[in-house]
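Chain identifiers are assigned alphabetically (A, B, ...) following the order of the sequence lines, protein sequences preceding nucleic acid strands; residue numbering begins at 1 within each chain. Every heavy atom of this structure was used, including side-chain atoms; hydrogens, water molecules and symmetry mates were not.
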Amino acid sequence: MRIATWNVNSIRTRHARVVDWLVREDVDVLAMQEIKCKPEQFPHEAFEAAGYEVVAHGLNQWNGVAIAARHPITEVETHFPDQPGFLKGHEGPDLPIEARALGATVGGVRLWSLYVPNGRTLADPHYVYKLDWLAALTEYTRAETTGRPEVPFALMGDFNIAPFDVDNGDPAVRVGVSTHVSPEEREAFFTLENAGVADVVRARVPEGLYTYWDYQQLKFPRNEGMRIDFILGSAAFAERVTDASIHRNERKGTAPSDHVPVLVDLADAEGDDEDFDRPMFL
DNA sequence: ATGCCTCCCGTAGGGAGA
């Protein structure tokens, strides 16, 4: 099973390009972020014509997450437990929960499409929201990975954090000045990993290969990008990963997203190997 | 540098992205 994540930056603008990539790369499951539309606005037809079922969660023109799959999508959740809300200019415990998380089970794997809050600036309430959001995700991850460790579990998406210096190639993004690289954000990321998930891509792709390049200032031609999109898998997930790739070419050409897809290959579950479903003597 | 680029809503110009 081939599973990917991609911040598409508007699925209505990008659906042809996304579906082309899914078909070309023979992808079974795609977690999308920043679809920037409501479910009824999602271009379902383009995905269905290519054989994909889609579950989308979007409340307005901001954020929005979705999962497309060539297998049935079940046990859908539109937020994780205690996921914090946010409303600009407001504080308190009862703010609206944004469309930044979508959980689903596909092919026996528990997946989340996640769009971690940006943070905006180090002094912005959005930055506090980002850290709170990651803390709640950490507790949920701990509960899942310890509660049912046998179920392959993966957090996939745009984490808006460059965990290591090598993940930031943009000289305008600097520790002490910018979000995405602060010690607090990096600590939150590592604490999340310590709750029971590991980056299953890093050891399989070259360091310095980014997943995002700003549209401005020729950031892509200059290769001044950041690696901020990740697939974090539980032990049961990680042990089935056989390959991983970052599809840099999807930043090229006409009307690209500012992010590119990240893909992993998952071996079939033991006793569920597709090869063994075939007749042995033909 | 309140800049640059792109997308949203709505039809001008502001919010958001990172």
Side-chain angles (χ1 to χ4, degrees), chain A residues 5-18 32-43 56-66 85-90 95-101 113-131 133-134 157-186 188-189 208-230 246 248 250-260 262:
Chain A
T5 184
W6 195 354
N7 179 324
V8 297
N9 186 17
S10 171
I11 194 58
R12 286 178 289 178
T13 298
R14 214 82 62 208
H15 61 82
R17 189 168 180 144
V18 171
M32 287 167 269
Q33 301 85 39
E34 283 208 87
I35 63 171
K36 292 188 171 177
C37 67
K38 301 173 185 177
E40 61 267 30
Q41 299 172 307
F42 193 99
H57 175 45
L59 300 171
N60 49 44
Q61 71 269 45
W62 307 121
N63 315 309
V65 281
F86 185 82
L87 187 61
K88 189 175 179 180
H90 295 261
L95 303 177
I97 298 175
E98 298 182 305
R100 293 181 177 274
S113 178
L114 300 174
Y115 180 43
V116 176
N118 170 293
R120 298 182 184 165
T121 71
L122 296 175
D124 198 289
H126 209 259
Y127 180 75
V128 178
Y129 171 48
K130 180 179 194 173
L131 296 174
W133 204 94
L134 288 162
D158 177 358
F159 286 78
N160 272 320
I161 297 172
F164 300 99
D165 287 345
V166 71
D167 299 327
N168 176 31
D170 186 343
V173 176
R174 300 194 303 279
V175 178
V177 178
S178 313
T179 60
H180 294 63
V181 293
S182 74
E184 280 177 304
E185 289 166 286
R186 287 172 166 177
F189 185 86
L209 176 54
Y210 308 125
T211 64
Y212 161 86
W213 297 260
D214 198 302
Y215 287 122
Q216 303 184 57
Q217 292 291 91
L218 299 171
K219 293 292 187 189
F220 182 62
R222 295 172 185 270
N223 195 29
E224 295 177 346
M226 286 195 281
R227 194 190 293 192
I228 56 178
D229 300 87
F230 300 101
I246 294 173
R248 187 180 188 279
E250 287 307 305
R251 187 63 177 77
K252 300 177 181 176
T254 307
S257 170
D258 42 3
H259 296 250
V260 296
V262 180

Quiz item: Please give, in whole Å, the distance from dC9(B) P to Lys38(A) NZ?
Solution: 9 Å
Quiz item: Which comes earlier along DNA chain B counting from the 5' end, the contact point of Gln61(A) or that of Gln216(A), where each point is its nearest nucleotide?
Solution: Gln216(A)
Quiz item: Quick one: does Arg227(A)'s side chain have a donor or acceptor within less than 3.5 Å of a partner on Leu209(A)'s backbone?
Solution: yes
Self-check item: Nearest-angstrom distance, P atom, dA16(B) to dA1(B)
Solution: 24 Å
Quiz item: Taking the nucleotide of DNA chain B with the closest heavy atom to each, which residue, Thr179(A) or Gln41(A), is nearer the 5' end?
Solution: Gln41(A)
Could you give the side-chain donor-acceptor pairs of residues 159-168 of chain A under 3.5 Å, partners two or more places apart or in another chain?
residue, atom, partner, partner atom, Å
Asn160(A), OD1, His180(A), NE2, 3.0
Asn160(A), ND2, Val116(A), O, 2.8
Asp165(A), OD1, Arg186(A), NH1, 2.9
Asp165(A), OD1, Arg186(A), NH2, 3.2
Asp167(A), OD1, Arg202(A), NH1, 3.0
Asp167(A), OD1, Arg202(A), NH2, 3.4
Asp167(A), OD2, Phe164(A), N, 3.0
Asp167(A), OD2, Arg202(A), NH2, 2.8
Asn168(A), OD1, Asp170(A), N, 2.9
Asn168(A), ND2, Val173(A), O, 2.8

Quiz item: When rounded to the nearest Å, what value does the distance between P atoms of dC5(B) and dG10(B) take?
Solution: 26 Å
Quiz item: Listed by chain and number, what are the side chain to side chain donor-acceptor pair (under 3.5 Å) partners of Glu184(A), not counting sequence neighbours?
Solution: Tyr127(A)
Quiz item: Side chain of Arg120(A): nearest nucleotide among dG17(B), dC7(B), dA18(B)?
Solution: dG17(B)
Quiz item: Quick one: Arg100(A) CZ to dA18(B) P, roughly how many Å, whole number?
Solution: 9 Å
Self-check item: Residue His126(A), side-chain heavy atoms: nucleotide from dG15(B), dG17(B), dC7(B) that is nearest
Solution: dG17(B)
Quiz item: Counting side-chain heavy atoms from CB outward, which of dC7(B), dC4(B), dA16(B) is closest to Gln217(A)?
Solution: dC4(B)
Practice problem: Provide the distance between the two P atoms, one in dG13(B) and one in dC4(B), to the nearest whole Å. | Solution: 15 Å
Self-check item: Touch class at under 4.0 angstrom, heavy-atom based, for Arg174(A) against every strand present
Solution: nothing
Exercise. For Lys219(A), answer base if it contacts any base atom (sugar-phosphate contacts may also be present), sugar-phosphate if it contacts only those atoms, and nothing otherwise; contact means non-hydrogen atoms under 4.0 Å.
Key: nothing
Quiz item: Which is true for Asn160(A) with a 4.0 Å heavy-atom rule: it touches a base, it touches only sugar-phosphate, or it touches nothing?
Solution: sugar-phosphate
Quiz item: Considering only the P atoms, how many Å lie between dG17(B) and dA12(B), rounded to the nearest integer?
Solution: 26 Å
Exercise. State whether a side-chain donor-acceptor pair under 3.5 Å links Glu250(A) with Ser257(A).
Key: no
Quiz prompt | side chain to side chain donor-acceptor pair (under 3.5 Å) partner of Asp158(A), chosen from Thr211(A), Asn7(A), Asn118(A), Asn9(A) | solution = Asn7(A)
Exercise. Tell me what Asn168(A) touches on the nucleic acid: a base, only sugar-phosphate, or nothing, going by heavy atoms under 4.0 Å.
Key: nothing
Quiz item: So what does Tyr115(A) hit on the nucleic acid, given a heavy-atom distance under 4.0 Å: a base, only sugar-phosphate, or nothing?
Solution: sugar-phosphate
